[in-house]
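I have placed the structure first, in the form of structure tokens, so that the comments after it can refer back to it.
When reading the values below, keep in mind they use all heavy atoms of this one structure, side chains included, and skip hydrogens, waters and symmetry mates. Atoms within each ligand, like the ligands themselves, are counted from 1 in listed order.
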Amino acid sequence: MFEEARAEDVDLIIKGGRIFTPAGFVDGCIGVEGGKIAAIGKEAHLPKAERTIDAAEKLVLPGMVDLHVHFRDPGSPEREDFCTGTSAAAAGGVTTIMDMPNTIPPTVSGEAFREKRTTGEARAVVDFAICGGVGVKSIGNVLEIAREGATAFKTFMTSRFEELFSGNDATLLTILREVSQSALPCFIHAEDQAITAAELHKLKRAGRLDPMAHTESRPPIAEAHGALRALSLANEAGARLHICHTSTPEAMEYASWSKNRHQPVTVETCPQYLLLTHDLMAKRGPYAKVDPPLRSESSRRKMWDMFVQGQIDTLGSDHAPYAVKEKDMGWSDIFEAPSGSPGVETTLPLMLDCVSRGLLSIERLVQAFSQAPARMTRLFPLKGSLQIGADADIVIVDMKKERTIRGDSLHSKQKYSLFEGWTCKGWPVLTVLRGMVVADDGEIVMKPGYGKFLRPC
Ligand code: DOR
Ligand code: ZN
Ligand code: ZN
């Protein structure tokens, strides 16, 4: 009798919260056994547990899935590494990340891919997927990288990262054909190289080195035309295209047109394109420099509406830290500073604040920042959902908690934020990964190396 009862016990029960299930919110408990969700229901119907977490008056959401981070590891540990990057993720309610390929070395070969996997396995605090990289010279490596367990590929239409540059239309078409053979989605940085190079040249000749020159060097048409080219070629190649960090309604129009023709296309945007405008360039200079650049208020507003309406599929942070001394190079000449800013820790609180203000539904948020990213990388239903059999990746959120974003209290190695001074209402207070607490009220309580490498299911 005693033995039988023991067999029914679970490792952990999270009780008292409002649980976000595929069928909607349920007031009840989650039972976790062996790192997986074993039961969801009323407390009276649940088995006994060794440990209990009280989530009274809190929301219990699936862990967030951020498919767009640059953790700089291996190669640039002074900027970020897998430990600090995944710590920032955990503190921000993100339990799964996918790391972008522009590390040193870039993940354009099986060998570089394996090196990053080993790096992550030694240092990650949350689970991680790795994005393979492909450029003109590495097309022949795509299938090997896919076999290593890549969740997606990324290529860049701008030449900033030489080994990841997709080249001209003919080479991009070849890349897309090869990636479609792997059945993985092709992520794309869709800013047109010819247009951005020409604009940059004009501005430099005119002696423009001020922060707004960065914005002007990458006009909306560069993104819209890049997206149009990529969509057309992906259609021909039969590739699944995912347009990263979409910042303009102009690019969205082309993506929506392709979707209406049932082309397999998904679109990502980031909090900075939903909440900030290029006015920030004047105030923050190089610290507001990101690619694509921050846009006008009218663009931002249209992007917000499309996000709320579900035309934008996923939210990613584009967490891209640089050292302060690299950023500071841009004060006298904006083109001397690298583009990018940390963001993985603030994405969820910024969006929860929008929920608090009645601008966004919690359902849309979870869909865009957990379910949809997990689905498109075939990590669903292990990730991205609170259902029986899924990994017990859970973020407990306190919608009453108010806190102001301060770069120096975040976990990234870089102590600045695009959202410095923003007060958010709604914060993750406990992050659970495969049944274990990894972050408790902003404090990392799990050892590096707990995070597991993820390949598509
Ligand atoms: O702002 C950006 N930063 N855009 C990119 O495309 C790359 C990223 C980085 O890795 O720094
Ligand atoms: Zn990019
Ligand atoms: Zn990026």
Requested in this report: Less than 2.8 Å from the Zn ion (ligand 3) is the window; count the protein N, O or S atoms in it.
Outcome: 3

Query raised in the report: So which protein residues pack against ligand 1 under 4.0 Å, heavy atoms counted?
Result: His70, Arg72, Asn102, Phe156, Arg160, Phe161, His189, Val290, Asp291, Ala320, Tyr322, Ser339, Gly340

Query raised in the report: Will you find, in the side chains of Asn168 and Thr171, an N or O donor that is under 3.5 Å from an N or O acceptor?
Result: yes

Query raised in the report: Looking at Tyr254, does the NZ or CZ of Arg229 lie under 6.0 angstrom from its six-membered ring centre and within 45 degrees of the ring axis?
Result: no

**Report entry** Tyr273 six-ring centre to Arg295 NZ/CZ under 6.0 Å and within 45° of normal
**Finding:** no

Query raised in the report: Looking at side-chain heavy atoms only, is the closest gap between Asp291 and His189 below 4.5 Å?
Result: yes

Requested in this report: For Thr196 and Gln193, work out which heavy atoms get closest and say how close.
Outcome: OG1-O, 3.1 Å

Query - Ion pair Lys259/Asp313, N-O distance below 4.0 Å - result: yes

Report task. Starting from the C-alpha separation in whole Å, work towards a yes-or-no answer on salt bridge (Lys or Arg N to Asp or Glu O under 4.0 Å) for Glu236 and Arg177. Result -> CA-CA 8 Å; Glu236 174 63 21; Arg177 283 188 170 134; 3.5 Å; yes

Query raised in the report: Do Asp328 and Tyr287 meet the criterion of a side-chain donor-acceptor pair at a distance under 3.5 Å?
Result: yes

Query raised in the report: Can Ser412 and Glu80 be counted as having a side-chain donor-acceptor contact under 3.5 angstrom?
Result: yes

